[in-house]
Amino acid sequence: MGKYIIEGGKPLKGNVSISGAKNAAVAIIPAIILSDEPCIIENVPEIRDIKIIFNILKNLGASINKLEENTYEIDCTKINSTSCSHEYTSQMRASYYFIGALLSKYGEAHIAMPGGCKLGERPIDQHIKGFEALGAEVEIVDGIVSAKAEELKGKNIFLDIVSVGATMNIMLAAVKAKGITVIENAAKEPHVVDLANFLNQMGAKIKGAGTDKITITGVSKLKGVRYPVCPDQIEAGTYMVMAAITKGDITLNNVTTKHLEPITAKLKEMNIGIEETADSIRVFYKEPFSAVNIKTMPYPGFPTDMQPIITTLLGLARGESRVIESIFTDRFLYVNELLKTGAKLEINAKNDRAVITGVASYKGADLCATDLRAGAAMMCAALAAEGTSEISNIHYIERGYENVVEKITALGGSIKRTED
Ligand code: EPU
């Protein structure tokens with residue numbers, strides 16, 4: 001089990017290139033199962049979650065060939081099983097996309113209940129509701145989800161809640177279904193649009209991705225394509241906060257500035273310097289930043305994945321901030337860790353809101369990454385803190401941040417990875 005040792009107090013300065021989006025790549029790669037030919041995917045982030053997805057695919061009979069860093073040729077035409085390795089599927093949330101893709105292509109799928117970060121209740125009832133509406137039979141026995149269908153037929157599906165995973169999974173299942181599927185109350189996140197663009201390039205007929213009504217006309221064949229994964233909104237947001245919290249000046253390249261608007265708007269409101277071009281954004285410290293109030297919402301609202309990270313920044317703002325978490329029921333688990341740095345914040349009994357009183361500085365501490373984004377928040381705190389911090393449980397961070405040690409080091413930060 002590795003640890004990061006971070007010596008804080010150094011302003012991060014320079015350029016950083018943002019990697020491909022984890023939450024787009026983890027859907028796009030299983031979606032290749034639908035293609036009748038191999039695909040080449042570019043801008044694939046080299047992170048642990050992608051390695052798990054590759055292992056699941058290889059166990060199904062797919063072949064994966066690394067053409068160069070971040071570019072893979074993936075051939076799913078010789079898949080010989082519809083049962084995913086339980087060891088891998090239970091390790092991550094996105095393994096649920098194998099249900100939609102295998103069901104669509106082969107009429108059945110078997111996977112262990114998806115794992116992932118512990119953020120409170122994370123049911124998959126909306127995914128199942130969608131598959132059943134399309135004509136599948138789904139059962140969960142001893143933690144194994146099995147879905148089967150003689151034939152999938154298009155249907156109108158109204159999601160009870162806005163779910164990124166259910167929207168994308170139903171899209172995968174519906175791509176080859178007979179007739180027209182309409183997903184209403186659909187998620188609008190950038191990765192929903194990226195998956196739809198990829199499927200459309202392969203020959204799917206999907207309209208409306210990025211709005212709350214997505215219409216999918218089933219097709220029988222999908223062809224191989226070359227496709228670059230879109231830039232990671234949350235990795236970008238993390239480096240934006242690192243620039244502000246270390247009183248630094250970072251230019252992020254390879255970003256889609258439109259996707260960053262909910263984050264940019266809040267940083268501007270805090271008096272943090274922002275300059276944008278079409279595909280880059282500069283974030284710089286100008287003056288002590290101010291407290292703001294934030295409520296996490298589905299896109300284009302403020303992303304829940306940025307909540308621990310922005311809360312950590314608000315801990316050093318002037319005044320009192322309030323943060324409401326409205327997506328997940330238990331996403332303040334990291335607060336006990338943050339308190340060790342001298343941060344002042346209180347969480348209500350329902351565990352859905354924080355009141356943060358800004359302090360002048362953090363001090364280095366032994367911190368634990370309680371999940372992926374909580375781990376990113378701990379890195380931000382440690383980079384800003386006076387003195388040295390140790391961050392444990394870094395396997396969470398490495399699930400979603402490519403070359404994080406190298407990127408922070410290149411920006412002038414002091415971070416080392418050690419093995420226990
Ligand atoms: N929900 C249900 N039933 C469902 C599906 C979701 O009740 O069938 C609830 C969830 O419990 C949650 C809300 O709906 O309260 C939203 O969940 P959503 O389905 O949108 O989230 P997810 O698919 O489980 C993805 C990302 C998360 C990100 C959320 C929200 C992936 C692999 N994961 O999760 O990313 O926080 O959307 O944007 O795409 C991360 O990257 O660190 C991460 C946790």
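Remember, it's 1-based here, ligands and their atoms both numbered in the order they're listed.
Under 4.0 Å from ligand 1, the heavy atoms of Tyr96 that appear belong solely to its side chain.
The shortest side-chain heavy-atom distance between Lys148 and His110 falls under the 4.5 Å cut-off. Side-chain contact check for Asp232 versus Glu402: every heavy-atom pair is 4.5 Å or farther apart.
Taking 4.0 Å as the cut-off, Arg331 counts as a neighbour of ligand 1 on heavy-atom distance. Remark: distances from the non-hydrogen atoms of Pro123 to ligand 1 include one below 4.0 Å. The shell of residues lying under 4.0 angstrom from ligand 1, judged by heavy atoms, excludes Tyr299.
Close approach to Gln126 involves these atoms of ligand 1, each under 4.0 Å from a residue heavy atom: 3 (N), 4 (C), 8 (O). The contact set between ligand 1 and Val164, taken as ligand atoms under 4.0 Å from a residue heavy atom, comprises 18 (P), 19 (O), 20 (O), 37 (O), 38 (O). The ligand atoms of ligand 1 that sit less than 4.0 angstrom from a heavy atom of His127 are 8 (O). Close approach to Gly165 involves these atoms of ligand 1, each under 4.0 Å from a residue heavy atom: 19 (O), 23 (O). Taking a cut-off of under 4.0 Å to the non-hydrogen atoms of Ala94, the atoms of ligand 1 that pass are 32 (C). Taking every heavy atom of Leu372 and a limit of under 4.0 angstrom, the matching atoms of ligand 1 come to 42 (O). The ligand atoms of ligand 1 that sit less than 4.0 angstrom from a heavy atom of Lys22 are 40 (C), 41 (O).
Atom CD of Glu151 is separated from atom NZ of Lys178 by 4.0 Å, given to the nearest 0.5 angstrom.
On a distance-only criterion, Ser163 and ligand 1 share at least one N/O pair closer than 3.5 Å. Residue Arg373 has at least one nitrogen or oxygen atom sitting less than 3.5 Å from a nitrogen or oxygen atom of ligand 1, judged on distance alone.
Considering Thr304, Thr296, Thr370, Asp352 as possible partners of Arg331, the one that fulfils the side chain to side chain donor-acceptor pair (under 3.5 Å) test is Thr304.
Of all the listed residues (Ile327, Asn23, Asp49, Asn169), Asn23 holds the heavy atom that lies closest to atom 32 (C) of ligand 1. For atom 14 (O) of ligand 1, the nearest non-hydrogen atom from the set Ile161, Asp305, Asp125 belongs to Ile161.
Salt-bridge annotation for Arg373 and Glu325: absent, with no side-chain N of the basic residue lying under 4.0 Å from a carboxylate O of the acidic one. For the pair Glu132 and Lys129, the salt-bridge criterion is not met [side-chain N within less than 4.0 Å of a carboxylate O].
Residues Asp160 and Gln126 have side chains that bring a donor and an acceptor to within less than 3.5 angstrom of each other.
No more than 12 heavy atoms of other residues, nucleotides or ligands sit less than 6.0 Å from atom NZ of Lys295.
The closest donor-acceptor contact from the side chain of Glu46 to the backbone of Asn70 lies under 3.5 Å.
In terms of heavy atoms, Ile250 sits closest to Leu12 at CG1-O, 3.5 Å.
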